[in-house]
Student: 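Here it is: the structure, laid out below.
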Amino acid sequence: MPSTTAKAPHHSRPARPAASRCLDAGRLAVATLLLTVGLQGAATADAPLRWKFKTGETVRYSLVQKTETTMKLPDGRTGGSKVSQDSDIHWTVNSVSPEGVAEMTQTIDRVRVRMDSVPGQPPFEFDSASKDPAPEGPVAAQLVPIFRALAGLECTLMMDARGEIRDVRIADKVVESLQKSFQGGLGNLFTKESLKNMVGQSSLVLPEEAVAKGKSWKEQSKIPAAQLGTMVTDKTYTFEGPEAADASRVRIDLTSKTSLEPDANAQIEFAMKNQDGKGRFVFDAAKGRIISSHVDITMTQSIKAQGQELEQTIVNKIEMKLAPEPSAAK
């Protein structure tokens, strides 16, 4: 199981407000929901690649996400944070229709988080499986309930053999628990409709036809962004052929670009100044599932509100790996 350690930056920087740090945590929590579905997809030169599921089987993944945020304030000072989150996730296949549509329950089994954001202060660390007392303090008071609610979270997905998400069902009590973890307007990150939309829109739909080496295909996802509009991500996947060590495993490269469709009534001005999104997937064509994926996304954004301008750079690294059953893990 991958483990991560984030080191606090050596340069001096102002402390970030607790609400801002909690917003980072909330975005990361939401990302966990959608990434487990969204980091999917490939194609094979011999036949159309398809997801393959069997009723009653369990598929496990480990997900590691590292996010570093740097902010340039109007007075020239810089601030930021580093967040590392490890999640253990499994899908239980409840049924598969004759057409290959699988109904699956997705469960987040364990969450481990480390956040460095205040110079000279110890990092916030949390492990949902730990029996030790939970961290204390004002930041912990906000974040611990969030990650406790995230650990054990379940939702039901309906996905066809091409990877299209046809339905997402999340229990009302789960959404309410997440909303209560935030104070004020931050709870809007976890409305039932927003969670459904993000999970459903993030899935990669595979091409109908087989593709040869070097062939590319495109997918687009749209995710509402509170107070801004709609974030649109255009993804281009390129089939790079089978791996030398195992021809049943194929490699797919990814490039992505994100833009904003602004809300006409938005009170915040947003501009994407620079960005670079790329990734790589290994897909087992015989078993019909992702073996591993690695995605790197760097974005520099300009945000203007109430006469103030903030420049923010986000570096996001995401890894997902197929995990063994607990009894087989060493």
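Since we're looking at a predicted model, the values are computed, not measured.
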Student: Would a 4.5 Å heavy-atom cut-off, applied to side chains only, mark Ile252 and Trp217 as touching?
Tutor: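 Yes, their side chains come closer than 4.5 Å.
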Student: May I ask you to say whether Arg162 pairs ionically with Glu208, meaning some side-chain N is under 4.0 Å from a carboxylate O?
Tutor: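 Looking at Arg162 and Glu208, the cut-off is met.
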Student: Examine the side chains of Thr233 and Ser256 and answer whether a donor and an acceptor come within less than 3.5 Å of each other.
Tutor: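 On atom types as modelled, these side chains do not qualify, holding no pair under 3.5 Å.
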Student: What is the minimum heavy-atom distance between Gln220 and Asp234, and which atoms define it?
Tutor: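 Answer, listing the atom of Gln220 first, then Asp234: NE2-OD1, 2.7 Å.
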Student: Do the rings of Phe281 and Tyr237 sit parallel, tilted or perpendicular, given the 30° and 60° boundaries?
Tutor: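 It falls in the tilted class, 30° to 60°.
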Student: A side-chain contact here means heavy atoms from C-beta on lying under 4.5 Å apart; do Arg114 and Phe124 qualify?
Tutor: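 No, side chains not in contact.
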Student: Of the non-hydrogen atoms in Ser95 and Thr55, which two are nearest, and what is the gap between them?
Tutor: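 Distance-wise, the nearest heavy atoms are CA-OG1, 3.6 Å.
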Student: Of all the heavy-atom pairs spanning Gln106 and Leu157, show the shortest one and how long it is.
Tutor: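 That would be OE1-CD1, 3.9 Å.
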Student: What pairs with Glu309 under side-chain hydrogen bond (donor to acceptor under 3.5 Å, both in side chains), at least two apart in sequence or on another chain?
Tutor: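 Result, side-chain hydrogen bond (donor to acceptor under 3.5 Å, both in side chains) vs Glu309: Ser302.
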Student: Return the set of residues passing side-chain hydrogen bond (donor to acceptor under 3.5 Å, both in side chains) with Asp132 (not counting sequence neighbours), or none when no residue passes.
Tutor: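 Asp132: no side-chain hydrogen bond (donor to acceptor under 3.5 Å, both in side chains) contacts found.
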Student: Go through the structure and list residues passing side-chain hydrogen bond (donor to acceptor under 3.5 Å, both in side chains) with Asp276, not counting sequence neighbours.
Tutor: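 Expected list: none.
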Student: Between Arg112 and Gln85, is there a side-chain heavy-atom distance shorter than 4.5 Å?
Tutor: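 No - every pair of side-chain heavy atoms lies 4.5 Å or more apart.
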Student: With a 4.0 Å cut-off, would you call Lys273 and Glu311 a salt bridge?
Tutor: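 Here Lys273 pairs with Glu311 in a salt bridge, since their nearest N and O are under 4.0 Å apart.
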Student: Is there a side-chain contact between His90 and Val59 in this structure, where contact means two heavy atoms from C-beta onward sitting under 4.5 Å apart?
Tutor: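 Not in contact.
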Student: Determine the minimum heavy-atom distance between Val144 and Pro135, stating which atoms define it.
Tutor: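 The pair with the smallest heavy-atom distance is CG2-CD, 4.0 Å.
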Student: Which heavy atom in Lys52 sits nearest to a heavy atom in Arg289, and how many Å separate them?
Tutor: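 Answer, listing the atom of Lys52 first, then Arg289: O-NH2, 3.1 Å.
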Student: Do Lys222 and Glu261 sit within salt-bridge range, that is, some charged N less than 4.0 Å from a carboxylate O?
Tutor: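 Salt bridge present between Lys222 and Glu261.
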